[in-house]
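Values below: every heavy atom of this structure, side chains too, minus hydrogens, waters and symmetry copies.
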Amino acid sequence: SRSKNDRAMVNVRHAVGLGSRRGLLEHHPVLVARDVRGIRGLNVKSAVGNPCDVTDQASVARAFDAIAEKFGGVDIVVSNAGAAWQGRIGEVDEDTLRKSFELNFFAHQSVAQNAVRIMKAQGTGGCLLFNTSKQAVNPGPDFGPYGLPKAATMFLSRQYAVDHGADGIRSNAVNADRIRTGLLTDDMVAARAKARGLSETDYMSGNLLKREVTAEDVAEAFVFLALAKKGHRIEPFKAPAGVQVIKSGAPSCKAVALTFDLCPVRQGTGYDAALVDYLIEHKIPATFFASGKWIDRHDPEMKKLLAVP
């Protein structure tokens, strides 16, 4: 049985998943993993390895039934299984494509469906998390057999949010990219870098920050989503002098999302320090989209933004 502070977490596969488990240690988890080697030595309240073939619906159902019987339910699922089949999409054989869809899409559907079955029965909601890969939104050459089912899984995550949000079940996905794991081996790094015409170093740091992302970084994203609160109270906004506030939308709308583009401009600095300082001082959440050129020209400002909790 679990107290109200315990969270039953099901993790499918390892690598990024192992980091997710470690990140949740301080939050009273009871852990279930397909491979018991991934949870040996972790200081958790309770943990168990549950062998399961995620491409076999009956095997997945039995695994979730065993989890519910042992721990009393399921609260968090990190669906992280996958394998990287490759091939030019106009030439790849059907068997390869079907195998990839079985593991990279249908397995996630089977896992999520069984998780929702238990979450609805226990009546306390839950959290579904999918590792859907950057390939789902930015496909690379000769990688369609992997990217196509990952794109479908990203949509699957959104569909679960639409269909089961009313059941208190949250669903999110992380588009992880170029993470050194058992999937992305040194040989595959070399092959994918060559496919994109890049050096291995440039390939692994191919993001706006020009830094290689680790499995631990991705795990932190999963942990954040798993433990995120259901809502945030936003204090009334008092506009500083000289700032125009545009009010629109239905009266029922109780939240607003602030987004800003950081890009080079022909005149001025391209950085409104007064506005940014105001947001930071009053702890107003905002999202900044920065172009590579802007980052190159505004290193101090970028470091300041990255340092904000």
Side-chain angles (χ1 to χ4, degrees), residues 7-29 31-34 38-39 42 44 74-82 84 104 107-108 111-112 115 125-138 146-147 149-161 165 169-184 203-232 257-259 285-290 295 302-303 305-309:
R7 298 170 189 250
M9 173 185 173
V10 179
N11 179 269
V12 182
R13 221 162 190 270
H14 38 81
V16 169
L18 177 57
S20 299
R21 295 173 220 151
R22 287 173 175 160
L24 282 164
L25 291 183
E26 61 186 272
H27 301 281
H28 309 283
L31 298 181
V32 181
R34 190 185 71 174
I39 52 181
L42 297 182
V44 297
V74 172
D75 299 300
I76 301 166
V77 171
V78 179
S79 194
N80 191 43
N104 291 315
H108 293 278
V111 166
C127 178
L128 302 175
L129 298 173
F130 302 85
N131 190 344
T132 56
S133 173
K134 181 274 309 179
Q135 189 70 17
V137 293
N138 182 19
Y146 176 66
K150 282 296 188 179
T153 300
M154 183 175 70
F155 184 88
L156 181 73
S157 172
R158 299 178 67 178
Q159 195 65 48
Y160 269 101
I169 298 171
R170 294 179 291 120
S171 178
N172 284 287
V174 174
N175 294 100
D177 180 30
R178 303 174 191 180
I179 312 300
R180 295 184 190 273
T181 64
L183 181 65
L184 188 61
Y203 175 76
M204 292 303 294
S205 58
N207 53 64
L208 292 176
L209 298 179
K210 305 299 181 185
R211 300 173 185 171
E212 181 173 340
V213 180
T214 68
E216 287 72 24
D217 294 326
V218 180
E220 286 184 9
F222 277 115
V223 171
F224 174 81
L225 292 171
L227 302 178
K229 295 180 180 179
K230 297 179 181 179
H232 300 277
L258 298 179
T259 63
T287 300
F288 291 84
F289 295 93
I295 293 174
M302 192 66 201
K303 289 180 178 177
L305 290 173
L306 291 173
V308 177

Heavy-atom closest contact ([X] atom, [Y] atom, distance):
X    : Y    : result
S171 : A161 : CB-N, 3.7 Å
M302 : A290 : SD-CB, 4.4 Å
A81  : N104 : O-OD1, 4.2 Å

Counting only N and O atoms by type, is there a donor-acceptor contact under 3.5 Å from the side chain of [X] to the main-chain atoms of [Y]?
X    : Y    : value
R178 : Y203 : yes
R158 : A173 : no
N138 : Q135 : no

Distance (rounded to the nearest 0.5 Å) between [X] [atom1] and [Y] [atom2]:
X    : Y    : atom1 : atom2 : answer
K210 : I295 : NZ    : CD1   : 8.5 Å
M204 : E212 : CE    : CD    : 4.0 Å
L227 : C127 : CG    : SG    : 8.5 Å
N131 : N80  : CG    : CG    : 4.5 Å
F224 : L129 : CZ    : CG    : 11.5 Å
K150 : F130 : NZ    : CZ    : 10.5 Å

Side-chain heavy-atom pair [X], [Y] within 4.5 angstrom cut-off:
X    : Y    : value
T287 : L258 : no
L128 : N172 : no
N175 : M154 : yes
Y160 : I169 : no

Under 3.5 Å side-chain donor-acceptor pair for T153 and T132: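 Checked: T153/T132 side chains show no N/O donor-acceptor pair below 3.5 Å.
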
Side-chain donor-acceptor contact under 3.5 Å, H108 with S79: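 Yes.
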
